[in-house]
There are 2 protein chains.
Amino acid sequence: MGVSEREAWAKREAMCPHRLVLEHVTSRWGVLVLDALLDRSYRFSELRRQIGRVNKVSEKMLAQTLQTLERDGFVHRDAKPVIPPRVDYSITPLGREAAEQVRALARWTDVRMDDVERARAAYDAARESTSL
Amino acid sequence: MGVSEREAWAKREAMCPHRLVLEHVTSRWGVLVLDALLDRSYRFSELRRQIGRVNKVSEKMLAQTLQTLERDGFVHRDAKPVIPPRVDYSITPLGREAAEQVRALARWTDVRMDDVERARAAYDAARESTSL
DNA sequence: CAGCATCCTTTGGGATACTG
DNA sequence: CAGTATCCCAAAGGATGCTG
């Protein structure tokens, strides 16, 4: 992660702590990790491939996301002392509560997508006519 | 907003459209705007002060957030043709559905904050002992 | 008052190379 | 395999100045 990164990140913890947790679970990769782990546990690379089927995630961001979620107590990390290394990630009971709400919100946006698209079309059309 | 900004933003619309909507409603300022408008409508500066009681938001970011949410059909903008200008922002029925879920998630993180703090303490303690 | 445009700093995040 | 460290670019976001 790097020392300067860790410092900057510690600084942000000062403000409104629960806002930060919200940002963790709704972050770009946090959403996808929680959603995947809601169904079953994954190994690191396996999880990366699973998520990558929709959105490519760099190894760095996946590691960072998993660490954040683990520290918050949403994800459990089980590193087996074998060669080659094997690490399994699973969701905790606390993480499950968060993941279910996030998934519900994600599903809602999917269901309401038509309404959103219509609203956008109306908005864009209105702007088009005034700017021309 | 600027032309280059608008282009970059249009580019991101290509991928997984509902993921983008999710990012809009869970964005740093989107959450706060929706939460505030859930209770009542606000004028621009009034909304800025209300949000600023917790987190300072720049005028630029507030305007940008409101535009995004308006375009998605979550927020209604009512600009009255008077001098000095007066613009009222309110939530739409669609926006209310989103806002309620976001607020529920925000409340959950608040309620579960103790568990998170404990998990963090345990995580940090474990790292402390191995690194020393 | 309610913005928009511009400049500038900070952060997010990808590519690459390296290690146990 | 499962990471860590480093470098670097792109995007987010704040400060300031200007306008109807």
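Predicted model only: the values in this text are computed from it and were never measured. In what follows, chains are A, B, ... by sequence order, proteins preceding strands, each numbered from 1.
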- Atom pair CD (B/Q67) and CG (B/L62), whose distance is rounded to the nearest 0.5 Å: 10.0 Å
- If two hydrophobic side chains count as joined below 4.5 Å and joins carry through other members, does A/V54 share a cluster with B/V21? no
- Grab the OH-P distance between A/Y42 and D/dC1 for me, whole Å please. 17 Å
- Expressed in angstrom and rounded to an integer, what is the separation of A/L62 atom CG from D/dT4 atom C1'? 14 Å
- Query: Does OP1 or OP2 of C/dA2 have a side-chain N or O of B/R49 closer than 4.0 Å?
  - Reply: no
- Query: How long is the line joining NZ of B/K80 and P of C/dC1, in whole Å?
  - Reply: 16 Å
- Between C/dC1 (P) and B/R43 (CZ): distance, integer Å: 8 Å
- Could you tell me whether the phosphate oxygens of D/dG3, OP1 or OP2, come under 4.0 Å of any side-chain nitrogen or oxygen in A/Y89? yes
- Query: B/D88 CG to C/dC1 P: how many Å, rounded?
  - Reply: 14 Å
- Query: Rounding to a whole Å, what distance do you find between B/N55:CG and D/dG13:P?
  - Reply: 12 Å
- Query: To the nearest Å, how far apart are B/R86 CZ and C/dA2 P?
  - Reply: 8 Å
- Starting at atom CD of A/Q64, determine the distance to atom P of D/dA2, rounded to an integer number of angstrom. 19 Å
- Message: If hydrophobic clusters are built from ILVMFWY residues whose side chains come within less than 4.5 Å, do B/L20 and A/L32 share one?
- Response: no
- Heavy-atom side-chain proximity of B/D78 to B/H76 below 4.5 angstrom: yes
- Query: In terms of side-chain heavy atoms of B/P85, which of D/dG20, C/dG3, D/dT4 is nearest?
  - Reply: D/dG20
- Note on the structure: Closest to the side chain of B/P84, out of D/dG3, C/dC1, C/dG3, is C/dC1
- Message: Suppose we screen for salt bridge (Lys or Arg N to Asp or Glu O under 4.0 Å). Which residues come up paired with B/E100, at least two apart in sequence or across chains?
- Response: none
- Task: Name all residues meeting the salt bridge (Lys or Arg N to Asp or Glu O under 4.0 Å) criterion together with A/R112; count only those two or more places apart in sequence or in a different chain, and write none if there are none.
- Result: A/D115, B/E97
Check nucleotides 14-16 of chain D for protein N or O atoms closer than 3.5 Å to its own N or O atoms and list the pairs.
unit_1	atom_1	unit_2	atom_2	d
D/dG14	OP2	B/S58	OG	3.2
D/dG14	O6	B/K60	NZ	2.5

- Supply the atom-to-atom distance B/T26 OG1 to A/L105 CG, rounded to the nearest 0.5 angstrom. 7.0 Å
